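Notes follow the structure.
These numbers come from a predicted model, not from an experiment. Numbering of ligands and ligand atoms starts at 1, following listing order.
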Amino acid sequence: MGEEYSLEDRFQQYVEAENKVEPKDWMPEKYRQTVIRQMSQHAHSEVIGMQPEANWITRAPSLRSKLILLAKVQDEAGHGLYLYSATETLGITRDELINQLQTGKAKYSSIFNYPTVTWADMGAVGWLVDGAAIQNQVMLCRTSYGPYARAMVKICKEESFHQRQGYEIMMRLAAGTKEQKAMAQDALNRWWWPSLMMFGPSDDNSPNSAQSMKWRIKRKSNDTLRQEFVDKTVPQAEFIGLTIPDPDLKWNEERKSYDFGEMNWDEFYAVVKGNGPCNKQRIINHIKAHEEGAWVREAANAYAKKQQARKKQSAA
Ligand SMILES: [Fe+2]
Ligand SMILES: [Fe+2]
């Protein structure tokens, strides 16, 4: 008991001195579980997030926009891949992680349970959802778990491309015909509040946050990140002549920041609990794709085995 305590103390000092925790280092079990939960949630979000956007690949309005969207959706698959691999360094297998997602034991970002109903949604998702993701992920480049922090550096570079491509779609629509501008405004109306909810509950209702901050897993609170996102995004909407759907939104000269309205927390918790518009469909699609891809995994395993046997043979 005494020894355990002193190890935890040393661990605390270690992370406070801005050192990175590596897979083979000693860490409190609760830290390991917290990082597994957070990283796997993140990995699942990347992969499930491919669905609402893949929905528009075949209907993109030009070859150029189709290429860009394809590249973006592929990037998200890559993000999932790094993050699953990095999560495995904590001693959990890919199979277990996928199983937790498919059985509903693990969560992913609720934003991906909303449908993408028009082309403008590709703009709003890139601009707002990837924008909110960056806000969160820039801080994670300094998270205390080494493999997570390093994965985030590359992911953030790609996310900023995603945010730009979304904003470009919105910019074009907003400068287009009356109907196109209305379509962009409608997408902003539907995605604004769910994007703010991506930062999670407010600090008073976020019991795990304090411990995560102490361990330097999280570097900024949910409310701070949300405020930064609002302050950055409002001028972007104004620049292209769109209106943020919040009657309480107002510049606060004293705080040098925007005041904004209250989120609908009932909706937030309903979607988290599985009652969003697309929760069931997202998981059904994931299971189907996973089953249809079984032969690829088998082939890759057989190939890896053959390579290993060859290596052994040439070494002997
Ligand atoms: Fe991503
Ligand atoms: Fe992205």
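- The number of heavy atoms from other shown groups lying within 6.0 Å of CD (Q313) does not exceed 12.
- Using cut-offs of 30° and 60° on the angle between ring planes, the pair F11 and W215 is perpendicular.
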Open item on the list: As a quick check of understanding, evaluate side-chain hydrogen bond (donor to acceptor under 3.5 Å, both in side chains) for K250 and Y258, giving each step before the final call.
Closed with: CA-CA 5 Å; K250 216 172 88 222; Y258 283 94; over 6 Å; no

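- Q41 approaches K107 most closely through the heavy-atom pair CG-O, 3.0 Å.
- Protein N, O or S atom count below 2.8 Å of the Fe ion (ligand 2): the structure gives 4.
- Within the 3.5 Å criterion, the main-chain N or O of I217 finds a donor-acceptor partner in the side chain of T143.
- Here R190 pairs with D121 in a salt bridge; the nearest charged N to carboxylate O distance falls below 4.0 Å.
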